[in-house]
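Heads up, the thing below is written out as structure tokens.
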Amino acid sequence: MFADVFERLREQHGPQEGWWPADSRFEVMVGALLVQRTTWRNAAVAIERLKQVRCMTAERLAHIGTDELRMLIKPAGFFRVKATRLKKLARFVISAGGLDSLSGRQTVELRNQLLELEGVGPETADAMLGYVFDRPVLVVDAYTRRLFARLYHPSPALSDTALKRDAEATLGTTQALNEFHALVIAHGQRCCSPTPSCEPCSLRAICGFEREGQSRLA
DNA sequence: CACCAGGGTGGTT
DNA sequence: AACCACCATGGT
């Protein structure tokens, strides 16, 4: 299932190497928080503004004034809660002894510690594991659920943990799982809108189930 | 104008 | 466990 979908997505949208560009791993962590429930476009503006004032480091973020931080990240939306969460993230990284120190921990333990952070749920934790700590995990987001709900239709949708387990067992490597996530988003942004409109889409048999009656791969 | 975007939290039933 | 309101800006 995952290998087949991966092939078709890559066929249609091309390789997604170099997705999630950033100058540092810490910048990826910041981006993972800032992009929550907004577009990458808006999050990128906030990221640029942080870099312009040299605040894209754990040390600077931990000490910057909350009001100033709020103003800087305002374009990303939810700026009050996100400012608080960014400062807690920065303090966590510092107290842990830096990202290299965090990298030495077991994956399950690291994931649980990320989940303890305010504002870091399952998806953000997995994004950090995959794109910061090089761990082979599937990031399950709204696009992923929507695509596979349509794929399995009319059968009931798989749980997030079931999707993760299958994808991680099938695709295996961090690179493949990260690229798969990028492909799902690229596909979702073009074809799999909330209201299916996959006319030009080669995965139309999957996405257009409402017009086709049932989903199918063949 | 309404709706959506690469979630998460806290409260209620 | 399944809902709900809330957080807030910017594009279509």
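Computed from heavy atoms alone, side chains included, the values below leave out hydrogens, waters and symmetry copies. Within every chain, numbering begins at 1; the chains are lettered A, B, ... in the order of the sequence lines, protein sequences first and strands thereafter.
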Between [N] and [M], how far apart are the two [atom1] atoms, rounded to whole Å?
N: B:dG6; M: C:dA1; atom1: P; answer: 29 Å
N: C:dA8; M: B:dG10; atom1: P; answer: 14 Å
N: C:dA2; M: B:dA5; atom1: C1'; answer: 24 Å

Is a donor on one side and an acceptor on the other found under 3.5 Å between the side chain of A:Lys82 and the backbone of A:Ile73?
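It does not hold such a pair.
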Side chain of [X] only, please: which of [options] is the nearest?
X: A:Val81; options: B:dG6, B:dA5, C:dA8; result: C:dA8
X: A:Arg85; options: B:dA5, B:dG8, C:dG11; result: B:dG8
X: A:Thr124; options: B:dA5, C:dA8, B:dG8; result: B:dG8
X: A:Phe78; options: C:dA8, B:dG6, C:dG10; result: C:dA8

Under the salt bridge (charged side-chain N to carboxylate O under 4.0 Å, His left out) test, residues paired with A:Asp134 that sit two or more places apart:
none
Scan [X] against the nucleic acid and name what it touches under 4.0 Å (heavy atoms): base, sugar-phosphate only, or nothing.
X: A:Thr38; value: base
X: A:Lys74; value: sugar-phosphate
X: A:Val120; value: sugar-phosphate
X: A:Leu117; value: sugar-phosphate

Pairs meeting criterion ring pair (Phe, Tyr, Trp, His ring centres under 6.0 Å) with involvement of residues 31-85 of chain A, two or more places apart
A:Trp20-A:Trp40
Expressed in angstrom and rounded to an integer, what is the separation of [X] atom [atom1] from [N] atom [atom2]?
X: A:Leu115; N: B:dT9; atom1: CG; atom2: P; value: 8 Å
X: A:Asn42; N: B:dA5; atom1: CG; atom2: P; value: 13 Å
X: A:Leu114; N: B:dG7; atom1: CG; atom2: C1'; value: 15 Å
X: A:Trp40; N: C:dG11; atom1: CH2; atom2: P; value: 16 Å
X: A:Glu118; N: B:dG7; atom1: CD; atom2: P; value: 18 Å

Look through every strand shown and name the nucleotide pairing with C:dC7 as Watson-Crick or G-U wobble, where both distances are under 3.5 Å.
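B:dG7 - that is the nucleotide pairing with C:dC7, both distances being under 3.5 Å.
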Can you tell me the base-pairing partner of B:dT12? Count Watson-Crick or G-U wobble geometry only, both distances below 3.5 Å, and say none if there is no partner.
C:dA2
Inspect the contact between A:Arg105 and A:Glu109 and indicate whether a charged nitrogen and a carboxylate oxygen are less than 4.0 angstrom apart.
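No, A:Glu109 and A:Arg105 are not salt-bridged.
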Are any of [X]'s side-chain N or O atoms less than 4.0 Å away from OP1 or OP2 of [N]?
X: A:Arg37; N: C:dA8; answer: no
X: A:Gln36; N: B:dG6; answer: no
X: A:Arg41; N: C:dT12; answer: no

Give the ring-plane orientation class for A:His181 versus A:Tyr131, where under 30° counts as parallel, over 60° as perpendicular and anything between as tilted.
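Correct class here is tilted.
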Nearest 0.5 Å, please: how far is CZ in A:Phe133 from OG1 in A:Thr174?
12.5 Å
